[in-house]
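Proteins come first, then strands; the chains are lettered A, B, ... in the order of their sequence lines, and each starts at number 1.
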Amino acid sequence: MDEHIFDKLTESQKKAVFHKDGPLLVLAGPGSGKTRVITYRIAALVESGVPAYSICAITFTNKAAEEMRNRCSSLFMASRSSHPGFRNNAHVSTFHSLCVRILRQYGEKTGLNPNFTIFDTADQAKCMRQAVIDCQLDTANFSPARMLEAVSALKNKLVDPESFKQQAYDFFNTKLSEIYHRYQQIMTEFNALDFDDLLVKTAFLLRDFPDVREELGNRFRYLLIDEYQDTNHAQYQIARHIVSSHNNICATGDPDQSIYRWRGADIRNILAFEQDWPDAVIVKLEENFRSTPNILAPADRLIAHNLHRKSKILIPTKERGNDIIIETCEDEIDEAANVAGRITELVKRGLSLRNIAVFYRINSMSRILEETFIKNKIPYQIVRGVEFYNRKEIRDMLGYLKVLVNPADQVALLRIINTPARGIGKTTIDKVQNFAAKNRITLYDAFRDAGKIDEISAATKAKIAVFIKLLENLKKDIEGPVAPVVERIFRESGLAADIKEEETLDNIEELVNAAAAFDKQADKPTLLDYLQQVSLFSDADVYDAEADRVALMTLHCAKGLEFDAVFIIGLEEGLLPHERSTENSDDIEEERRLFFVGITRAREELFISLSQYRTIRGQLMRTIPSQFLYELGIESRCTEKPEEKNTGNCLDDGDYVKYTHPAFADGQLVRHKSFGLGRVKEFIDMGEDSIVVVHFNTGQTKSLLVKYANLSIP
DNA sequence: CATAGCCGCCTTTTT
DNA sequence: GGCGGCTATG
């Protein structure tokens, strides 16, 4: 490989890229080239004689993995010496994909059937519902979603049902431990794993089987982990086990960009790296190559408001650019129109749509944008959760495939048993389920033996027999490439005949295309591999960065991406920070990091907006500007909007707004020196003279001038 | 047993 | 506002 490939790296980047063996932590701010360091480090390792197949790189999303694989191969393409097979040999994937691989190979040691299905949130909810009912509890008090959240938190900390039972001290936790236990039982019966199980089972496998640990350590001599700040405890343990024999771990991350605490991400992983690996070399990347100083400085001021944080320097390398523009709009419709107008303007100035993105806090905010963009003929793509694989026809189709591969998957079986309608209704299913429970067999086997169930009429038995026959026939030819199998099953299952709308058909076609793409990249495609991969696929992975369309996505999805122009909308209390995160300061800090991540995606232009009114759940609400706006520390001029119609869209009728006074949200807890604790009843936004009405615990209600009241947030 | 329509539930972020 | 589950009706 030509030496000059590495020439464009900075000195500190080189230090990380050419680091020899042993633990290495790359602490780096946004836009400093972390991911680039990993890619080049893979190249440098191979260059120094390390076989590519002994390198394992972990990324946060499948999309990032795909990109890294591509970048690696183009790096090698650019070099004079070729490294054939490199692309296929280095393992680049997410933690979850790696775990599937490990479990498929070694899982049987723990009694795991390798044909397992991976359950998504909807499947999980069905099982959890059953678990709660089986524990004789009410799904109203123990809502399945809540229970799943609690169980997930336990799994992320690697707490199994048995050890949790030991530490469950009160009523709720005792019940939770029963539910957790039952839920895992059900999952085992169905031969299914949820997302968390993939990590948990792998971590325990590595913990309990030194031979597996050793084999994996030999297989992967180098482990590189990107976005280390967002790893959870289970992932941390897996990483530790893999490198236990050689300590060749390289992690990159930025504590200020940790935005997945709610999902179990443990920021301590990155903070304690030096304690975990005392001989670790730390490389800091402090230069930012992405954003203009006009964007970086406010981002820096914002994040400085986080108290639980090691401060670090962000050195801009770009020339001065345009200031951030903050705009106050009438309502969300006005806000969307404003974004559309701005985008039209940017395009006129020569920016291409693929370099523009709009970020928001919650998915539901995309709807108005979508409608507005259609009206204004602005091409866009929404990078959104699960969407595609959540469609009914897709789930039905996958249901058939799953049952064929894993007949124990009862959730899938129940889905397809009467889809399309074949005269097997609830009553019959109940009878068969009872039979299955009584004889301790799977539901699938119970259906196969339905002839033995007396309560079922002969006519229904015949229908069941037809169904079972259908499945056996479908199963006959499922070897080889997946796409033809999907197509055949679509026809023969009767789903095809049942389709009424054009769009549904298009979706199925897209599924077949996805299967064809899978066939193409797999050495030896199997239906099982396909299903296990499809379950890990999501929204962000479908995002096409090459397409000339504006990208719309949540702030969480924006991680790792960058654009010339960025819009962040909905800077309102309750939305950003989100109301569910306003209870404790740790949550607020995470919201602030989220905003920080959004801001630092912008290369040149950044537009931030808020609406004075917003319709939430059908109710028109007056909003309060987000506290984060003040924390940017900018004096913001409300500029004219492109399609100018002066309707008092700017605070204080337009001219000059200085974001210095704090805003209070309704219901917010505050403390006053003499009145003590109270809750905000109302906040009247009048700039410097804003009034806050507080109902104090003493029973009194007071209207206070914010600038004199000196309220603190407890 | 199938279907339609209604009611009540939840609604942050995602692998 | 959207979905899942339940009920009433054919």
Side-chain angles (χ1 to χ4, degrees), chain A residues 58-65 93-100 118-122 124-126 129 139-140 143-146 148-149 152 155-156 193-200 227 230-232 234-235 258-265 359-368 383-387 389-392 415 417-431 456-457 459-460 463 532-541 553-560 570 574-583 587 590-591 593-595 597-598 615-619:
Chain A
I58 303 288
T59 56
F60 195 70
T61 63
N62 289 305
K63 183 77 197 170
S93 79
T94 61
F95 259 112
H96 287 85
S97 297
L98 175 68
C99 289
V100 169
I118 300 168
F119 271 10
D120 64 17
T121 323
Q124 285 184 61
K126 289 215 166 81
R129 182 172 207 89
T139 51
S143 94
R146 267 275 159 76
L148 276 177
E149 215 172 282
S152 175
K155 287 184 179 176
N156 285 326
L193 301 182
D194 63 26
F195 292 126
D196 300 317
D197 286 334
L198 293 174
L199 302 175
V200 173
E227 309 278 15
D230 278 322
T231 50
N232 63 31
Q235 291 166 329
S258 158
I259 54 175
Y260 282 91
R261 209 177 65 103
W262 55 273
R263 208 176 80 186
F359 305 152
Y360 35 82
R361 178 63 177 82
I362 57 177
N363 280 307
S364 62
M365 290 168 76
S366 68
R367 234 191 67 245
I368 300 287
V383 183
R384 178 177 13 191
V386 286
E387 189 66 358
Y389 290 98
N390 249 348
R391 292 197 157 93
K392 184 186 175 302
R415 178 164 198 103
I417 187 90
N418 205 25
T419 315
R422 52 174 66 88
I424 305 173
K426 192 177 178 320
T427 334
T428 309
I429 294 172
D430 280 347
K431 287 173 189 163
I456 296 178
S457 70
T460 310
K463 288 173 186 165
Q532 290 181 341
Q533 190 181 305
V534 145
S535 311
L536 295 178
F537 241 76
S538 78
D539 52 328
D541 307 320
M553 64 187 87
T554 63
L555 285 158
H556 283 90
C557 279
K559 176 189 178 112
L575 212 46
L576 186 62
H578 194 271
E579 60 178 335
R580 299 260 292 236
S581 312
T582 47
E583 267 155 40
D587 287 344
E590 175 141 319
E591 295 285 306
R593 289 194 291 270
L594 194 54
F595 187 32
V597 166
T615 307
I616 297 165
R617 265 169 273 163
Q619 281 264 306

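For the salt bridge (Lys or Arg N to Asp or Glu O under 4.0 Å) test, residues two or more places apart in sequence or in another chain that qualify with A:Arg367 are A:Glu371. Applying the side-chain contact (heavy atoms from CB on, under 4.5 Å) rule to A:Ser581 yields the partners A:Arg361, A:His578, A:Asp587, A:Glu591; only residues at least two apart in sequence or on another chain are considered.
Here the C1' atom of nucleotide B:dT14 and the NZ atom of A:Lys63 are 17 Å apart, to the nearest Å. Distance CD (A:Glu149) to P (B:dT15): 17 Å, rounded to an integer number of Å. Straight-line distance from the CZ atom of A:Arg263 to the C1' atom of B:dT14: 5 Å, rounded to whole Å. To the nearest angstrom, P of B:dT14 lies 12 Å from NE2 of A:His578. Atom CD1 in A:Ile429 sits about 13 Å away from atom C1' in B:dA2, given to the nearest Å. Rounded to whole Å, the distance from OH on A:Tyr260 to C1' on B:dT13 is 7 Å. Rounded to an integer number of Å, the gap from CD1 of A:Ile424 to P of B:dC1 is 9 Å. A:Met365 places its CE atom 16 Å from the C1' atom of C:dG1, with the value rounded to the nearest Å.
We find the OG1-NZ distance between A:Thr61 and A:Lys559 to be 9.0 Å, quoted to the nearest 0.5 Å.
Taking the side chain of A:Arg367 as heavy atoms from C-beta on, and the options C:dG1, B:dC1, B:dA2, the nearest nucleotide is C:dG1. Which of B:dT15, B:dA2, B:dT13 sits closest to the side chain of A:Asn418 comes down to B:dA2. In this structure, the nucleotide among B:dT15, B:dC1, B:dT14 sitting nearest to the side chain of A:Thr460 is B:dC1.
Remark: the separation of the P atoms in C:dG4 and B:dT13 is 16 Å, to the nearest Å.
Toward the 5' end of DNA chain B, the nearer of the two residues A:Ser97 and A:Lys463, judged by each one's closest nucleotide, is A:Lys463. For A:Ala145 and A:Gln124, each mapped to the nucleotide of DNA chain B holding its nearest heavy atom, the one lying further toward the 5' end belongs to A:Ala145.
For B:dT13, the base is stacked against the aromatic ring of A:Trp262, per a cut-off of 5.5 Å between centres and 30° between planes.
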Derivation of the side-chain contact (heavy atoms from CB on, under 4.5 Å) call for A:Ile362 and A:Met365 | CA-CA 6 Å; A:Ile362 57 177; A:Met365 290 168 76; 3.7 Å; yes
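Phosphate proximity of B:dT13 to A:Arg580: absent, as no side-chain N or O sits under 4.0 Å from OP1 or OP2. Considering only side-chain N and O atoms, A:Asn62 lies nowhere under 4.0 angstrom from the phosphate OP1 or OP2 of B:dT15. In terms of phosphate contacts, A:Asn363 brings a side-chain nitrogen or oxygen within less than 4.0 Å of OP1 or OP2 of B:dT14. Contact between the side-chain N/O atoms of A:Thr554 and the OP1/OP2 oxygens of B:dT14 is found at a separation under 4.0 Å. When the side-chain nitrogen and oxygen atoms of A:Ser143 are compared with OP1 and OP2 of B:dC9, none of them lie within a distance under 4.0 Å.
For the residue pair A:Asn232 and A:Asn156, the shortest heavy atom distance occurs at ND2-OD1, 3.1 Å.
Ring geometry for A:His96 versus A:Phe195: interplanar angle over 60°, hence perpendicular rather than tilted (30 to 60°).
At a threshold of 4.0 angstrom between heavy atoms, the contacts of A:Ser535 with the nucleic acid are absent.
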